[in-house]
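Notes follow the structure.
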Amino acid sequence: MSPLVVVVLIVLVDLLGFSIVMPLLAPFGKEYHFDGRQIGLLLAAYPMAQLVAGPILGRLSDRFGRRPVLAASQAGTAISFFILGFATDFTTMFLARLLDGASGGNILVAQAYVADVTKPADRAKGYGLIGMAFGLGFVLGPILSMGLVSLPIAPEWRLRLPFLVAGGFSTIAWILVLARLPESLPADARARQKARVVSLRGLADSVSMPIVGAMIALGSLVILGFAALEGTFSLYLEQRQGWGPVGVLGGFAFLGLVGAATQGGLLRRLVPRFGEPKLIVAGLVLLIVGFVGLGWTSGTAAILASTLAVGIGQGLTTPSINGMLSKITPSREQGAVFGTLSSAQTLARMVNYVVANLLFGRGNTGAPFWMAAAIVLAALGLALACLPVAARRAEAVGSFSDQEGEPVPLAAGAEGFSA
């Protein structure tokens, strides 16, 4: 099994655990009579901790290697789920969520791993596979969670069992890291690196590299827009369409399946033919069309068509941006740059979860999607301005990498793609 396949499996297993837990945090808190502020803090603890920990874990992976950081972060995630499964008070649950967020850099380290083991031309495909794992995880996790809470077990364990199962999934991912995942950075390269692990200047260096800051801004704008859907889609489907829990779950499953199919199948065929810059622009246009459709229309067919456009647009855009970002970033800075990107996107989600719900609460169910369309329109303008420069930068970095003999092959089939 190639290292790329292993890291995709690790992400899938990890996301299964995460998506099992997320829908249950609020009802779990209500069972212990937490007020709205406490439940909000439980939800916000993860991104708050990840915002701080993301760049640090990225720098640590540049300095000491991807494998030890992945192993430590998976262990932290597993422990946090087990703590949640047995916790009975707010403080313990809140600390467990902080631990999970601080361990949540495993995804960005996995992205840096993909950059290590793939050629520049194949990286968008690799990020597409990571995106497919995300999509499948977010589809399968809630379905599994619903099945778990429906089991005929003691009532006090119905909401606890999914947390323990999520801990089991994270433990499996941790074992996969230890047993099947080789280190992607050669030992001599790690010895030469002197990354500033906890330095603000290190973060400034990441975004000040030529065109890197603009690409991080582009990736963050896309997530800022998409967060409006993530934060309000269930309420939107319930109030605008009158769908019940099964229908809402079906809407999320449809969006996840479209994204997974796009990133895992369609993207790998389109990248060699069109290249990442064209796919980014096409994806942004589809996102605008989809968000305008959600804000403007009603009716099942129209909403499904708009959701299809959003799913394809997001599936084309995000991995293509990641692929371009990896191409313009020196190998020794991959972890740091993706750590910075992760923190910027986490901050974007935190902001727009709140703003979108405030807009939705004013009675206009389409307002969050009009806002999302405006944000992505701004992202399209930035993309048209910076992508030509990024393409030239990618050619320059790629030529240097070829001279240095990068990426380092780990084993036969390490690139993980067939024609």
Side-chain angles (χ1 to χ4, degrees), residues 15-16 18-28 30 36 39-40 43 131 134-150 162 222-263 286-315 317-318 348-376:
L15 263 294
L16 270 174
F18 177 83
S19 59
I20 285 172
V21 165
M22 277 303 295
L24 296 176
L25 279 173
F28 193 53
K30 287 181 179 178
I39 292 174
L43 292 170
F134 262 84
L136 289 176
F138 276 110
V139 170
L140 298 175
I143 294 174
L144 180 56
S145 186
M146 288 183 66
L148 290 170
V149 298
S150 301
V222 172
I223 295 300
L224 183 67
F226 192 70
L229 181 144
E230 288 180 321
T232 63
F233 198 42
S234 57
L235 295 173
Y236 171 87
L237 294 175
E238 180 182 335
Q239 294 188 26
R240 187 120 165 186
Q241 287 297 106
W243 291 2
V246 174
V248 170
L249 177 63
F252 272 104
F254 177 69
L255 179 64
L257 284 171
V258 171
T262 301
Q263 296 183 76
L286 282 172
L287 280 172
I288 293 169
V289 170
F291 285 137
V292 168
L294 289 171
W296 184 32
T297 62
S298 59
T300 300
I303 285 178
L304 287 178
S306 299
T307 303
L308 178 68
V310 170
I312 295 174
Q314 187 73 7
T317 303
T318 299
R349 279 192 168 95
M350 288 172 61
V351 168
N352 221 10
Y353 285 166
V354 175
V355 174
N357 276 283
L358 287 174
L359 289 174
F360 194 92
R362 292 184 175 180
N364 186 346
T365 57
F369 301 99
W370 289 110
M371 175 186 65
I375 291 169
V376 178

Separation of Thr300 OG1 from Leu304 CG (nearest 0.5 Å): 6.5 Å
To the nearest 0.5 Å, what is the distance between CG (Leu255) and OG1 (Thr307)? 6.5 Å
Calculate, to the nearest 0.5 Å, the distance between atoms CD1 and CG belonging to Ile375 and Leu224 respectively. 4.0 Å
Qualifying residues under side-chain hydrogen bond (donor to acceptor under 3.5 Å, both in side chains), relative to Thr262, sequence neighbours excluded: none
Tell me every residue that passes side chain to side chain contact (heavy atoms under 4.5 Å, CB included) with Ala372, counting only those two or more places apart in sequence or in another chain. Ala228, Phe291
Non-neighbouring partners of Tyr236 that pass ring-ring contact (aromatic ring centres under 6.0 Å, His included), sequence neighbours left out: Phe369
So CG of Leu359 and CG of Asn364: to nearest 0.5 Å the spacing works out to 8.5 Å
Please report the interatomic distance CG(Leu229) to OG(Ser306), rounded to the nearest 0.5 Å. 10.5 Å
According to side-chain hydrogen bond (donor to acceptor under 3.5 Å, both in side chains), who are the partners of Thr365, at least two apart in sequence or on a separate chain? Arg240
Criterion side-chain contact (heavy atoms from CB on, under 4.5 Å) on Gln314 and Ile223, from CA distance to verdict: CA-CA 9 Å; Gln314 187 73 7; Ile223 295 300; 3.8 Å; yes
Are Val258 and Val310 close enough, and set up right, to give a side-chain contact (heavy atoms from CB on, under 4.5 Å), and what steps lead you there? CA-CA 9 Å; Val258 171; Val310 170; over 6 Å; no
Tell me the closest heavy-atom pair linking Ala227 and Ala348, and the distance in Å. CB-O, 4.5 Å
If you look only at distance, which donor and acceptor atoms sit under 3.5 Å apart when one is on a side chain in residues 134-142 and the other is two or more places apart or in another chain?
none

Please tell me if the side chains of Ile303 and Leu294 come closer than 4.5 Å, counting only heavy atoms from C-beta onward. yes
Sequence neighbours excluded, the answer for side-chain hydrogen bond (donor to acceptor under 3.5 Å, both in side chains) partners of Glu230 is Arg349, Tyr353
